[in-house]
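Not measured: the values here are computed from a predicted model.
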Amino acid sequence: ERAPCYHLDVLDDAIDVFHLLPESFRPPIARVIRRMASWITQRLHPDGDIPLFNDAVLKGAASVARLLDCARPIAGASGSEEGGAFAVSTGETGLMVARGVHVCVFLDTGPGGPDHQPGHTHADALSIEISVSGHRLVVDPGTFGYAADARRRYDRSTGAHNTVCLNGRDSTEVWGTFRVGWSTPPVAICGEAGASCAVLAGSLSLFDTTLERRVDVRERTLTVSDEIRAAPGQSGALRAAGGFLIAPDWTTSSDGSDTFRCQHSSGASVIVRVEGADHSALTRRAYHPRIGVELPTTRIEWQADVRADSARRIRCSFELAPSHLPSQHRDQ
C-alpha cells in the first residue's frame, strides 16, 4: 500500500507467520522478512521513526526498533547502498533517500499504490521530508483519520504536501475516503551519491506541464530546485504553488522578504531562502502525526505564474547555521 507504517504492520505479521510455521516452510518467509527489514532500515529518519508518505502515522522509534530487533535474528544484517560519505537508496517503490552526516532527505517519486489497492494513496508526487541535525524539519501532513471529512481531504491533497501544486489541482485524483480516479503518470528518477554530495531528481508531465524537481544535498546545505515548463497551447498563465510544512518543534520567522529562519529548541538553526518565486510567505497549517492528533504548525509557501510556452525555476535552499555544527565540520 506504499505507506511506511503499513509496511511495518505487514513485517510484524510476517515475523509471526515465520514462528508459527514448521521449520521446512520458513525459508521463503525469511527472505521476505530480510527484504522488508532492509528496505525500512534504509528509510528511517535519524530519530528512528518512519516518514509519513501516503496514509502513514508515526509508530514511535522504540516500537520500530523493537520490531527490527525481532526481525534481525531471522533476516541477519541488512546492508545499505553506500556511495562515499553520502548514501542514496532508491528501489522500485520510488521512495528515495539521501543521507549525510547532518542532513537527510526523502523524495517520493513512486506510484501512490498498486492498481488493485490504491485506497491509501495521497496526491503527493515529488513531495519531500527533511531532517537536519537529527531533528525533523520538513514534514508530511500525516493522517488524522479515515472519516470522509475536511481533514481527510486536506491530508490527501497536493496543496498540503511539500511539492508543487499546479492551478490548485491534485497530482492524483483522490476523493471520498479511499477513492482514487486517474493517477500520477510515471515519474522519471535518478539518484547519485559521492564523497561530498548527493543528488535526487524526478520529473513528470502533468496537465500539459512538465515539472522537474532536483534535490542537491551537501553536509550543511540542501537545495530544492523546481522547474515548471508550460505547454505552448496553454490558455493564460499557469499558477504554480509550493511550500514546506515545518515540524511544530521549530519556530519559524520571516525577515519580510524571501528569507526565513527556523529555530529548534535544541539550538539548531536553519536559514531557508526562496528564489525565483513571485511571492513567498508564512501560513498556519495542521500537522497530523498520529490518528486523531492535530498540531498547529507553520508552512513556508511560495507562488509563481508561468506563461504559455515558457519556464520558471524556483530554488529553495536550506542552510544549517555553522554555530550548531561540531567544530571539525564548520569549514566544510
Side-chain angles (χ1 to χ4, degrees), residues 2-8 39-61 64 86-91 93-100 102-110 112 120-143 155-165 171 187 189 191 198-202 213-217 221-224 226 242-250 252 262 264 268 270 272 285-290 295 297-301 316-318 320:
R2 308 297 166 100
C5 69
Y6 285 113
H7 181 95
L8 289 174
W39 187 89
I40 198 65
T41 298
Q42 295 169 20
R43 287 163 178 82
L44 296 177
H45 274 274
D47 64 11
D49 212 336
I50 59 173
L52 299 185
F53 297 109
N54 288 328
D55 272 344
V57 294
L58 295 178
K59 301 289 281 188
V64 175
F86 283 82
V88 168
S89 301
T90 56
T93 62
L95 181 49
M96 304 173 70
V97 119
R99 195 182 304 275
H102 304 292
V103 180
C104 177
V105 59
F106 298 81
L107 177 64
D108 187 1
T109 63
H120 290 285
T121 295
H122 288 198
D124 61 354
L126 299 182
S127 188
I128 66 172
E129 285 197 5
I130 301 170
S131 275
V132 172
S133 293
H135 307 287
R136 293 179 190 235
L137 172 65
V138 174
V139 293
D140 187 273
T143 303
D155 288 339
R156 301 182 81 197
S157 69
T158 298
H161 287 84
N162 307 307
T163 185
V164 178
C165 185
S171 58
V187 178
I189 65 173
V199 176
L200 301 178
R213 167 162 281 190
R214 176 186 169 107
V215 183
D216 292 86
V217 187
T221 61
L222 180 148
T223 303
V224 181
D226 292 312
F244 305 97
L245 188 68
I246 306 300
D249 48 355
W250 294 77
T252 307
C262 303
H264 193 266
V270 176
V272 183
R285 291 292 190 97
Y287 174 47
H288 301 140
R290 294 180 179 84
L295 302 177
T297 191
T298 302
R299 190 171 192 256
I300 300 173
E301 295 189 334
C316 300
S317 62
F318 298 75
L320 179 61

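Considering only heavy atoms from C-beta on, Pro289 comes within 4.5 Å of Leu295 through its side chain. Using a 4.5 Å heavy-atom threshold, the side chains of Leu320 and Val103 count as separate. Contact annotation: the side chain of Glu129 never approaches that of Val138 to less than 4.5 Å [non-hydrogen atoms, C-beta and beyond]. Contact annotation: the side chain of Arg136 approaches that of Leu58 to within less than 4.5 Å [non-hydrogen atoms, C-beta and beyond]. No side-chain heavy atom of Ser171 sits less than 4.5 Å from a side-chain heavy atom of Thr163.
Scanning all heavy atoms of the two residues, the minimum distance from Gly191 to Leu200 falls at CA-CD2, 4.2 Å. In terms of heavy atoms, Leu245 sits closest to Ala286 at CD2-O, 3.9 Å. In terms of heavy atoms, Val64 sits closest to Lys59 at CG2-CB, 3.9 Å. Closest of all the heavy-atom pairs between Arg213 and Leu107 is CD-CD1, 3.9 Å. In plain terms, the two heavy atoms of Cys5 and Ala56 that are nearest each other are SG-CA, 3.5 Å. Here the closest heavy-atom approach between residue Pro46 and residue Gly134 is recorded as CB-CA, 3.9 Å.
Each of Thr252, Asn162, Val272 was compared with Ile246 under the side-chain contact (heavy atoms from CB on, under 4.5 Å) criterion, and only Thr252 meets it.
Every residue was checked against the side chain to side chain donor-acceptor pair (under 3.5 Å) condition with Asp49, not counting sequence neighbours, and none meets it. Considering only residues two or more places apart in sequence or on other chains, His264 meets the ring pair (Phe, Tyr, Trp, His ring centres under 6.0 Å) condition with His135, Trp250.
For Phe53 and His161, the ring centers sit 6.0 Å or farther from each other.
By the 30° and 60° cut-offs, the orientation of the rings of Phe244 relative to Phe318 is perpendicular.
To the nearest 0.5 Å, the span separating CG on Asp155 from OG1 on Thr143 amounts to 5.5 Å. Rounding to the nearest 0.5 Å places CG of Asp216 at 8.5 Å from OG1 of Thr221. Remark: Cys104 SG to Leu222 CG distance equals 10.0 Å, nearest 0.5 Å. Rounding to the nearest 0.5 Å gives a distance of 10.5 Å between NE2 of His7 and CG of Leu95.
Side chain of Ser127 to main chain of Asp108: no donor-acceptor pair is present (N/O by atom type, distance under 3.5 Å, no hydrogens or angles). In terms of modelled atom types and a separation under 3.5 Å, the side chain of Arg2 and the main chain of Asn54 share no donor-acceptor contact. A donor-acceptor pair is defined here as one N or O able to donate and one able to accept, closer than 3.5 Å; such a pair exists between the side chain of Thr109 and the backbone of Gly94. With hydrogens and angles disregarded, no donor-acceptor distance shorter than 3.5 Å links the side chain of Arg43 to the backbone of Ile50. Thr158 contributes a side-chain N or O that, together with a main-chain N or O of Ala123, makes up a donor-acceptor pair within less than 3.5 Å.
Atom CZ of Arg214 is surrounded by 12 or fewer heavy atoms from other residues, nucleotides or ligands within 6.0 Å.
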**Request:** Kindly determine whether His102 and Val132 satisfy side chain to side chain contact (heavy atoms under 4.5 Å, CB included), including the steps that lead there.
**Result:** CA-CA 6 Å; His102 304 292; Val132 172; 5.7 Å; no

